[in-house]
Amino acid sequence: MAIKVAPSVLAADYMNLQKDVEIVSNAGAEYLHIDVMDGQFVPDIAYGAGWVKGFKKITDMVLDVHLMVQNPERFIEEFANAGSDIIGVHYEATPHIHRALQMIKNAGVKAEVVINPGTAVELIKPVLHMVDQVLVMTVNPGFGGQKFLPETVEKIKELAELKSELGLEFDIEIDGGVNNETVKAAYEAGATVAVAGSYLFDKVDPVAKVNALKEATK
Ligand code: DX5
Ligand code: ZN
């Protein structure tokens, strides 16, 4: 099955968000990736829960919320109530990753654990049974438009092996520097969902770009 595509609204045209969302949705992208940044865990600031509520009103896409915030427990209820379908929390952002994932599940939302490029896969082994999705960052989080880090492919492979060893079903998502070239190795390694920001929203034919990501992963 071709990879599921998750356009990142971080790279969309902020004055025409609804239009951009409709374009990628009609092109067959399944998820809408919403980056939340607190200016602490990552240097920048982006998208509060009010935006999730807004996106919920205009699209049926799966709202895939990536919390790049310190101590994400503080925000889980708010983002769950706003209509998130998946909430992702960074392993590095809390001493209580297990509790954070429990909170997401208790709120009736799909739970995702996220690891930075410098974080080993084995560290999340104790929580893999709880998650619906694992996000393996393929750049250091905080900004769009960075270059895909090829050393992350090995981690995707390791995670995919662990997944089958443990008999688990979670999706494996990649985020950062994804395009129709970089997606190939990640897909072969076991990635099932691809976030794409600057590649899709650089104003040159986003529909063809969604198709290219699908074509590259058949
Ligand atoms: C980066 C964000 C990404 C970002 C990806 O910290 O988590 O979701 O939008 O952007 P590209 O695809 O341009 O690397
Ligand atoms: Zn992201």
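Values below: every heavy atom of this structure, side chains too, minus hydrogens, waters and symmetry copies. Both counts, for ligands and for their atoms, begin at 1 and track the order of listing.
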Result of checking V193, V195, I156 against I174 for side-chain contact (heavy atoms from CB on, under 4.5 Å):
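Single pass found, and it is I156.
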For H33, ring-ring contact (aromatic ring centres under 6.0 Å, His included) partners two or more places apart:
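With neighbours one apart ignored, the set is H66.
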Pair V113, H90 - check side chain to side chain contact (heavy atoms under 4.5 Å, CB included), show working.
CA-CA 6 Å; V113 63; H90 272 261; over 6 Å; no
With a 3.5 Å cut-off and no angle check, do the side chains of D35 and S8 form a donor-acceptor pair?
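The answer is yes; a qualifying pair exists.
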Could you go through the side chain to side chain contact (heavy atoms under 4.5 Å, CB included) check for I97 and V89 one step at a time?
CA-CA 8 Å; I97 190 65; V89 285; 3.7 Å; yes
Contact set, ligand 1, heavy-atom distance under 4.0 Å, ordered by chain/number, equals S8, L10, H33, D35, H66, M68, M137, P141, G142, F143, G144, G145, D175, G176, G177, V195, A196, G197, S198
Please assess D171 against K110 for the test salt bridge (charged side-chain N to carboxylate O under 4.0 Å, His left out), listing each intermediate value before the final yes or no.
CA-CA 11 Å; D171 271 297; K110 288 189 172 169; over 6 Å; no
Test of geometry: compute the angle OD1(D35)-the Zn ion (ligand 2)-ND1(H66) and round it to 10°.
90°
Examine F79 together with Y47 and report whether their ring centres are nearer than 6.0 Å.
no
Residue D175 atom name (nearest to the Zn ion (ligand 2); N/O/S):
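The closest N, O or S atom of D175 to the Zn ion (ligand 2) is OD2.
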